[in-house]
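In each ligand, atom 1 is the first atom listed, and ligand 1 is the first ligand listed. As the structure is a computational prediction, the values presented were derived from the model and not from experiment.
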Amino acid sequence: MATETTGEARRPVILSGIQPSGRLMFGNYLGAMRNWVRMQEDHDCFYMLVDLHAITVWQKPADLRRNTLESLALYLAAGIDPERHTVFIQSHVPEHSELAWILNCIAPLGQLQRMTQFKDKSLKHEKNLNAGLLNYPVLMAADILLYNADKVPVGEDQKQHLELARDLAGRFNHLYSETFTLPEPWIPPRSEGARVMSLQEPTAKMSKSDTDPNGVLFLLDPPAEIKAKIRRAVTDSGDSIGYDPEGRPGVSNLMTLFKAVTGEDFASLEARFAGKGYGAFKEELGEALVAYLSPIQQRTRELLGDKAQLEALLKQGAEKARWRARRMLDKVQRKVGFLPR
Ligand code: ATP
Ligand code: LTN
């Protein structure tokens, strides 16, 4: 693990980000945000909104602006502390794009073309098959390596991108000299939300940009909507409650949500709802989700009421991040052979 020369013991660095490509949903929360909050105790954390990544898919400018600010408010409402840690918008720190360019020049094209997300998104966005979609994971590697992050808390879908970040770090260290820390992914267990599934199509992951909003539980959905979405959620044939993600993905997904918001384990849920059918289970789950999300929603609304304060926080976050990022980028540029400015 790299050490800083400040004299203080270095706390491990955590870094992660979410795309403001839509409104944040429960998969983002369980796969990422909730763990970010927990990791703040004993780590030095960098949490971003990755707007440069978001525009690899067409974003209406007004939506991008709204989603970025709303997501920032949700980060804070969920418990992220911008005073003790660093919260910022990716495009406010131009060093990310600068390092991404250098890493692009050592990234094997074949490996980028084999990325699952690239293949999926190219099929989905055939009419906007841009180079950003291919280079997406290189920019993500730049995000991580700029801060020498030790651990990157993400959902399961990001595992392959983390492997690329490690490969690029290793390749740069080998070509030039020891520079970057090799980052480790930190992925929660499946039963705790590493891969929350769509409520309408439980074999596909829940995704904030899904074209069917019924499949997605948005963090800011009004209570009546949350309950209705859970009532309409696709379950499996049969009517018993049992955890089996392969065989019964629908009910297992709902059980994961239940456990996440109440802490009740699967055995207890199975016993308590035995013989009661899906109806009673879904009603209780809807109530539990509303109870869990209401305080977060309330706090988000309050924060969004003071835009000037959010903007001031962002300014402060960008300054903290830039200071760290600049030092690393200077070192990298020197090693590559660029003349100092
Ligand atoms: P998009 O739909 O625009 O591709 P997304 O909703 O899939 O976005 P991202 O912004 O790509 O979300 O991901 C942000 C974080 O949320 C990542 O750590 C990712 O692994 C996690 N995440 C996304 N979807 C899920 C999910 N269904 N279950 C668990 N974690 C998820
Ligand atoms: N690709 C990530 C978002 C992301 C990210 C990062 C996550 C961009 N840069 C750096 C962790 C660390 C996603 O979740 N889709």
Using 30° and 60° as the class boundaries, would you call the ring planes of Tyr75 and Trp36 parallel, tilted or perpendicular? perpendicular
Examine the side chains of [X] and [Y] and answer whether a donor and an acceptor come within less than 3.5 Å of each other.
X: Ser198; Y: Lys205; answer: no
X: Thr68; Y: Asp51; answer: no
X: Arg232; Y: Asn214; answer: yes
X: Glu283; Y: Tyr278; answer: no

Review point. Is the centre of the Tyr136 ring less than 6.0 Å from the centre of the His53 ring?
Key: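 Between His53 and Tyr136, which both carry aromatic rings, the centre distance is below 6.0 Å.
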Open item on the list: Tell me if the centroids of the rings in Phe118 and His161 come within less than 6.0 Å of each other.
Closed with: no
Sorted by chain and residue number, the residues with a non-hydrogen atom under 4.0 Å of ligand 1 are Ile18, Gln19, Ser21, Met25, Gly27, Asn28, Gly31, Ala32, Lys121, Val154, Gly155, Asp157, Gln158, Gly193, Ala194, Arg195, Val196, Lys205, Met206, Ser207, Lys208, Ser209
**Item:** Geometric cation-pi criterion Lys259 and Phe266, 6.0 Å radius, 45° cone
**Value:**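 Checked: cation-pi criterion met.
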- Message: Quick check for you: to the nearest 0.5 Å, what is the distance between Leu162 atom CG and Lys151 atom NZ?
- Response: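 Here the interatomic distance stands at 13.0 Å.
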Kindly print each ligand 2 N/O atom paired with any protein N/O atom under 3.5 angstrom away, one pair per line, or none if nothing qualifies.
unit_1	atom_1	unit_2	atom_2	d
ligand 2	1 (N)	Tyr136	OH	2.7
ligand 2	1 (N)	Gln158	OE1	3.0
ligand 2	9 (N)	Asp143	OD2	2.6
ligand 2	15 (N)	Tyr136	OH	2.9
ligand 2	15 (N)	Gln158	NE2	3.1

